Amino acid sequence: MAQQEVQNGGAEKVAAEGVATVAFTAVKPQLLVEAPKANDAVLFYKAAFGAEEVGRTVYPKRKAEQENPLILSAELKLAGSTIIVSDHADDSAAPAKSTGSGGVVLCLETEDVGAAIAKAVSAGGVAEGEIVEGDGACCGGSVGKVKDPYGYVWLICSPGNKCAVPEA
């Protein structure tokens with residue numbers, strides 16, 4: 001019953017009933033890459049988007065087995081955010097990357113969409129379509145798409161106008 005009330009906006013009542021409240025400190029999207037390509041993906045994100053690698057963990061069982069061990073997680077700082085890049089091994093606990101709808105799309109904001117797309121393409125990405133400007137773009141700015149070598153689509157957007165707050 002308490003779980004149902006939380007889902008329906010009854011968090012205050014649940015907290016009063018003794019269930020601990022939880023505060024989240026970060027959201028870190030995880031990109032699962034076909035093993036053993038996570039290291040290549042990290043290098044691509046550094047070259048294409050200027051990401052900074054701040055930490056790395058390898059699969060402990062496979063560390064001694066391979067010259068280039070599989071990456072359990074590589075933490076990257078990108079535009080003030082954190083993303084995790086991981087090799088998706090057959091025996092990992094992580095779910096397989098979705099190939100259908102509902103996959104991950106990442107958006108990077110920049111003042112120069114064309115230059116950002118060109119940089120990503122020179123690092124190995126593929127531009128998808130043309131840069132769209134005005135009403136067809138993010139909040140009236142401009143937007144282009146780049147598919148990285150690992151199948152993820154990145155939207156490269158200019159700030160544009162302030163987005164309108166959706167009406168209730």
Side-chain angles (χ1 to χ4, degrees), residues 23-59 62 66-90 92-168:
F24 295 98
T25 58
V27 174
K28 297 180 179 180
Q30 181 178 21
L31 305 180
L32 300 174
V33 178
E34 179 186 345
K37 297 181 181 176
N39 189 62
D40 294 337
V42 168
L43 295 174
F44 173 81
Y45 300 136
K46 287 178 176 182
F49 306 131
E52 174 190 356
E53 186 173 352
V54 295
R56 182 180 290 216
T57 306
V58 296
Y59 282 98
R62 298 177 183 230
Q66 300 176 355
E67 185 176 310
N68 295 318
L70 297 180
I71 295 174
L72 182 60
S73 66
E75 185 170 328
L76 304 178
K77 292 287 184 186
L78 178 58
S81 297
T82 301
I83 62 172
I84 306 295
V85 179
S86 303
D87 277 310
H88 185 261
D90 292 335
S92 78
K97 181 175 77 172
S98 170
T99 56
S101 61
V104 176
V105 176
L106 302 156
C107 182
L108 291 175
E109 191 172 280
T110 182
E111 293 294 332
D112 193 342
V113 172
I117 289 174
K119 183 176 180 181
V121 167
S122 71
V126 177
E128 292 199 335
E130 300 293 322
I131 295 174
V132 178
E133 297 189 20
D135 292 337
C138 300
C139 300
S142 60
V143 63
K145 293 181 185 178
V146 174
K147 184 181 261 186
D148 70 27
Y150 312 98
Y152 292 99
V153 175
W154 294 74
L155 295 179
I156 311 294
C157 303
S158 68
N161 303 320
K162 284 284 187 190
C163 293
V165 177
E167 294 183 20

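All values reported here derive from a predicted model rather than from experimental measurement. Side chains are part of it too, since the values below use all heavy atoms of this structure and drop only hydrogens, waters and symmetry mates.
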Measure the OG1-CD distance between Thr82 and Glu52 for me, rounded to the nearest 0.5 Å.
10.0 Å
Indicate the atoms forming the closest heavy-atom contact of Val33 with Ala38, along with that distance.
CG1-N, 4.0 Å
Of the options Leu76, Ile84, Leu106, which is the one that meets Leu31 in a side-chain contact (heavy atoms from CB on, under 4.5 Å)?
Leu106
Side-chain donor-acceptor pair under 3.5 Å between Gln30 and Ser86, yes or no?
yes
Would you call the rings of Phe49 and Phe44 parallel, tilted or perpendicular, taking 30° and 60° as the class edges?
perpendicular
Distance (rounded to the nearest 0.5 Å) between Leu108 CG and Ile156 CD1
4.5 Å
Side chain to side chain contact (heavy atoms under 4.5 Å, CB included), that's the test. Do Asn39 and Arg56 meet it? Break it down for me.
CA-CA 10 Å; Asn39 189 62; Arg56 182 180 290 216; 2.8 Å; yes
Measure the CG-CD distance between Leu155 and Glu128 for me, rounded to the nearest 0.5 Å.
10.0 Å
In short, Ala48 meets Ala120 closest at the heavy-atom pair CB-CA, 3.7 Å
How close do Ala127 and Val121 get, counting heavy atoms only, and between which atoms?
N-CG2, 3.7 Å
Minimum heavy-atom distance between Val146 and Gly125, given as atom pair plus value:
CG1-CA, 4.2 Å
Can you classify the ring geometry of Tyr150 versus Tyr45 as parallel (below 30°), tilted (30 to 60°) or perpendicular (above 60°)?
perpendicular
Straight-line distance of Ser122 OG to Ile117 CD1, nearest 0.5 Å:
12.0 Å
Between the CH2 atom in Trp154 and the CG atom in Leu78, the distance rounded to the nearest 0.5 Å is 5.5 Å
Nearest heavy-atom pair of Ile131 and Ser142: which atoms, and what distance?
CG2-CB, 4.1 Å
Correct closest heavy-atom pair for Leu32 and His88 would be CD1-CD2, 4.0 Å
Side-chain donor or acceptor of Ser158 paired with backbone N/O of Glu111 under 3.5 Å:
no
Main-chain N/O of Ile71 paired to Asp87 side chain as donor or acceptor, under 3.5 Å
yes
